[in-house]
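Report on one structure; see the data block that follows.
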Amino acid sequence: MIDLDAVRADTPGCAGRVFLDSAGSSLPPRQVLDEVIGHLRREAEIGGYRAAGERAADLEAGYGTFAELLGCAASEVAFTDSATRSWLSLVDAVPLAEGDRVLISEVEYAANAVALLRLAEQAGARVEVIPSDAAGQLDVAALRELLDERVRLVSLVHVPTNGGLVNPVREVVDAAHEAGALVLLDACQSIGQVPVDMRELGVDMLSGTGRKWLRAPRGTGFLAVRDEVRRRLRPRLVDHAGAAWVSAREYELRDDARVFELWESGVAERLGLLRAARYALDLGIGALSSAVAEGAATLRAGLDALPGVRTHDLGERRCGIVTFTVGGTDPEDVRNALWDNDIAVTVSSVTSSRIDMARRGLDTIVRASPHYFVAPEQLERAIAAVAGLR
Ligand SMILES: *Cc1c(COP(=O)(O)O)cnc(C)c1O
């Protein structure tokens, strides 16, 4: 169980506003804020190199923290500056040749889709879309039909940017592995709100961000890749963090996931990310994910009961993202009117998840993503505010 009063007391931003945008960029707890600001102050006092040196042990321990969070080994974790940077580094390292195939789901995220289309174009490979089933999640039977020995990679979005759907991971992994394909899980919207255990799910690689459900600062991201999978990848654009420069003409790649890291990084933000991960682990991923799912279900049911309001979330299993439209009102007007009532929601557009939105004839929808620190009476206030828009 989450102690609501305690987590709300830890969250300075949640008092004056009904904050429903943790799928966009969440409110960090004060522990994260203190860590980041404290380190920036220390850098101002003694310089960034010395300040980082003082925290070297904590920075190193961070790999273990994320191994615990993600269900992998510390050697399988790397830190980056965003989920997209993580995803790009991984996908670019998958060897692709003429005639190879890559499969994506209908809820593929725009950044991933663009990158893949470009990589495939350069390699002479093809990107194909796996259909969804009647419930709206990835259709595993259709995936099995599509798989053959030319499929190098299945890109799976765990939770899409534009809805409460949770895609089935284990079934996708089993099917892909039988055909010899790798699975890259975009866990950007799941980590911090849905349990993600790499070992249990069997995924080969995953990417995630700090700024969303983990409540870390912006400009932070991470990846994980199974050791035996990494040895089959071909990381490009490696610097002297990912490899040692051992003689004028020679370098030696690192033998762990940090081969994907660059030397420079925001140390204050990294410390904030590690603090945020520890905060989530201390609350318990099971406890926080039940609280998130429960809050979202309350919100979804409340909105669905309003005349003229429709929710749009797909899938058999649902999480903390609630999407809706209000009659013929422009979703941006809904967002702006709610903001004027101290309720923060955002709008999800066809440009972020084109295949899925176009298929459903949607251009923009309102997205509300309540985290565990949103109080039940705040959800009721949001529902009443939406009712008042009609
Ligand atoms: C937000 C998002 C991303 C990208 O995250 P960045 O922080 O912008 O790198 C990737 N995938 C999904 C599903 C997202 O919602």
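In each ligand, atom 1 is the first atom listed, and ligand 1 is the first ligand listed.
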Please list the nearest protein heavy atom to atom 11 (N) of ligand 1 with its residue and the distance rounded to 0.1 Å.
D186 OD2, 2.6 Å

Taking atom NE2 of H158 and atom CG of L185, what is their separation to the nearest 0.5 Å?
6.0 Å

Flag yes if W213 and V77 sit in one hydrophobic cluster, no otherwise; membership is Ile, Leu, Val, Met, Phe, Trp, Tyr, and two members link when side-chain heavy atoms are under 4.5 Å apart.
yes

Measure the distance from atom 2 (C) of ligand 1 to every protein heavy atom, then report the residue, atom name and distance (to 0.1 Å) of the closest one.
K212 NZ, 2.4 Å

Just by distance, do the side chain of E250 and the backbone of S247 share a donor-acceptor pair under 3.5 Å?
no

Going by the atom numbers of ligand 1, which of them fall below 4.0 Å from some non-hydrogen atom of T161?
13 (C), 15 (O)

Are any of the N/O atoms on T84, whether in the backbone or the side chain, positioned under 3.5 angstrom from an N/O atom of ligand 1?
yes

Restricting to side chain to side chain contact (heavy atoms under 4.5 Å, CB included), what partner residues turn up for D3, sequence neighbours left out?
D5, A6

Any idea which part of C188 is under 4.0 Å from ligand 1, heavy-atom wise: side chain, backbone, both or neither?
side chain

I would like to know whether F260 and V225 meet side-chain contact (heavy atoms from CB on, under 4.5 Å); could you show each step before the answer?
CA-CA 10 Å; F260 291 107; V225 50; 4.2 Å; yes

Under 4.0 Å to a heavy atom of T209 - the qualifying atoms of ligand 1, by number
7 (O)

Nearest neighbour in protein (non-hydrogen) for atom 7 (O) of ligand 1:
R211 NH2, 2.9 Å

Hphob cluster co-occupancy, I285 + V159, side-chain heavy atoms under 4.5 angstrom:
yes

Taking N or O atoms only and a 3.5 Å limit, does R85 qualify as a polar contact for ligand 1?
no

Does P160, backbone or side chain, put an N or O under 3.5 Å from an N or O of ligand 1?
no

Can you tell me how far apart OG1 (T325) and CG (D330) are? Round to the nearest 0.5 Å.
11.0 Å

